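One structure is given here, and the rest of the page talks about it.
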Amino acid sequence: MARKYSSKRSTKSIIIKNLKKPIKSTLSNFSKNNAYFRKIYLKLKRKRRSIIFNNAANQPIEEKTILFESFVGRKYADSPKAIYEYMVNSEEYKDYKFIWFFRERCLDEYIFLEKNERTSLMLWGSPEYYKCYATAKYWITNSRMPLAIVPREEQVYVQCWHGTPLKRLGFDVEVEAKDARNKAKEVMDIYESDARRYKYMVSPSSFCTEKFKSAFNLEAIGKGDIIIEEGYPRNDEIVNHTPEMVEEIKKNLGIAQDKKVALYAPTWRESQYVRGIGYTYQAPMDFEQMRVKLGDEYVILYRTHYFIDNAFDDGDYQGFVYDVCEYPDINDLYIISDVLITDYSSVFFD
């Protein structure tokens, strides 16, 4: 039974965690630059997680427990959110239990979900995380999960994914350099290992279905028939939004109702990785010129991919550029935007 989330933590647990941080960071950074050590390091991490998971996997399956996570525990958003909100308000699922997993920095932000007595929040990646996956009947996510989690035959893993793969993913990536090939092989193995666990995979279009099948190697592993090509659940809200919703979202963001909105939403780049920080992005936009030309009529919403770790300083452009990188649900931003500026991000499909 999942416990309700509590923000209270013992002094001992805080001290232990802070002591572990620099050690884990050093090992992680070293593994990124040493292929041999990386394999050993990842294998040991996976082994530890597998032990926790397997020890719990001999327990009976909880037939009416559904697990949710979005963007690897970073947000309450996307299709998992849409499916959850349908279920939690449906008479058909009135006796089901729902568990959401979030990273530690997000737990307090989404504590409001526990106002529903059948919903619990838990820490993503914790021992409890693996124990819940070992026993819950249904898993709903929009991104890959740790490989230590292996479903039993009766368990149902629904992969919603989080976009349309215009850029190459998994088995569709073409590389030439030897080191790049090694890393690409690792990525392919991860994609295929994840796909082998899927019971169903949600697709918004025939184009997307085709790309999923090749990127995840679905046909080769006997999973070519698992695609549900009925559209992304998250996009129902975009189709059905109202003028009142637009007004409310603008009000919450502090945007004047008479302003037009341009959403700037670029994707991440493999080449812009900084050790110790992660993926970064420097906007090639002259926001000062844009403010001079457009400031009377428009505001800009700046939204990067969830992989991006460096912060954007909007201090010089307050009132014109709004940093919405941490805004939980991009659907709200679509709804209020008059113009989309992007690159090869799949946001333009939505």
Side-chain angles (χ1 to χ4, degrees), residues 5 68-71 73-91 93 98 100 102-103 105-119 121 140 142 160 162-163 204 231-266 287 290-291 294-306 308 311-312 314-315 317-342 345-350:
Y5 166 67
F68 295 88
E69 61 176 89
S70 184
F71 297 108
R74 291 180 173 92
K75 296 181 186 295
Y76 173 62
D78 210 68
S79 291
K81 174 188 174 184
I83 295 171
Y84 165 76
E85 292 186 349
Y86 172 82
M87 287 181 165
V88 82
N89 292 302
S90 170
E91 188 69 14
Y93 300 97
F98 310 106
W100 270 94
F102 294 108
R103 305 241 171 185
R105 61 184 173 85
C106 306
L107 281 165
D108 288 333
E109 180 180 356
Y110 299 123
I111 192 68
F112 69 87
L113 291 171
E114 291 197 338
K115 289 180 181 178
N116 177 272
E117 62 182 15
R118 294 181 291 125
T119 302
L121 270 61
I140 299 176
N142 72 341
C160 299
H162 51 269
Y232 278 144
R234 70 182 188 204
N235 286 347
D236 290 352
E237 184 180 41
I238 301 174
V239 175
N240 299 319
H241 79 272
T242 64
E244 289 74 22
M245 290 172 64
V246 174
E247 184 177 333
E248 183 66 19
I249 295 166
K250 278 189 168 183
K251 180 180 177 182
N252 290 339
L253 286 170
I255 298 171
Q257 297 295 327
D258 62 344
K259 288 284 190 180
K260 291 182 179 179
V261 176
L263 173 60
Y264 176 47
F287 288 123
M290 294 178 77
R291 178 165 59 180
L294 303 172
D296 292 338
E297 188 178 3
Y298 279 87
V299 296
I300 306 291
L301 302 183
Y302 181 80
R303 171 78 168 206
T304 57
H305 190 279
Y306 74 97
I308 305 301
F312 170 70
D314 61 355
Y317 314 106
Q318 285 188 359
F320 176 61
V321 179
Y322 290 72
D323 180 0
V324 290
C325 294
E326 295 300 320
Y327 192 87
D329 198 336
I330 197 171
N331 268 9
D332 288 356
L333 310 182
Y334 293 150
I335 287 168
I336 66 171
S337 295
D338 300 280
V339 176
L340 171 67
I341 305 169
T342 188
S345 169
S346 72
V347 295
F348 73 80
F349 285 97
D350 302 301

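Keep in mind the model is a prediction, meaning the values are calculated, not measured. Residues take their numbers from the sequence shown, with the count starting at 1.
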Mind checking side chain to side chain donor-acceptor pair (under 3.5 Å) for Asp332 and listing every partner two or more places apart, or none if nothing turns up? Tyr327
Tightest non-hydrogen contact, residues Tyr84 and Leu113, listed as CE2-CD2, 4.0 Å
At what distance, to the nearest 0.5 angstrom, does CZ of Arg234 lie from OH of Tyr334? 5.5 Å
Neighbour count above 12 (heavy atom, 6.0 Å) for Asn89 CG: yes
Please check this pair: side chain of Asp329 against backbone of Ala77, looking for a donor-acceptor N/O pair closer than 3.5 Å. no
Working to the nearest 0.5 angstrom, can you tell me the gap between Leu340 CG and Arg303 CZ? 12.5 Å
Scan Tyr302, Tyr322, Tyr317 and name whichever one has a ring pair (Phe, Tyr, Trp, His ring centres under 6.0 Å) with Tyr264. Tyr302
Quick one: does any side-chain atom of Thr119 pair with a main-chain N or O of Phe98 as donor and acceptor, under 3.5 Å? no
Any residue meeting side chain to side chain donor-acceptor pair (under 3.5 Å) with Asn331, in chain and number order, not counting sequence neighbours: Glu237
Partner set under side chain to side chain contact (heavy atoms under 4.5 Å, CB included) for Pro233, not counting sequence neighbours: Ser79, Ala82, Ile83, Val202
Distance, nearest 0.5 Å, that separates CZ of Arg74 from CZ of Phe102: 13.0 Å
Under 3.5 Å: donor-acceptor pair, side chain of Ser90, backbone of Tyr86: no
According to the salt bridge (Lys or Arg N to Asp or Glu O under 4.0 Å) rule, which pairs have a member within residues 244-262, sequence neighbours left out? Lys260-Glu297
Output all residues satisfying ring pair (Phe, Tyr, Trp, His ring centres under 6.0 Å) with Tyr232, sequence neighbours left out; order by chain, then residue number. none
Using the ring centroid of each side chain, check whether Tyr76 and Trp100 are separated by less than 6.0 Å. yes
Just jot down the side chain to side chain donor-acceptor pair (under 3.5 Å) partners of Gln257, sequence neighbours excluded, or say none. none
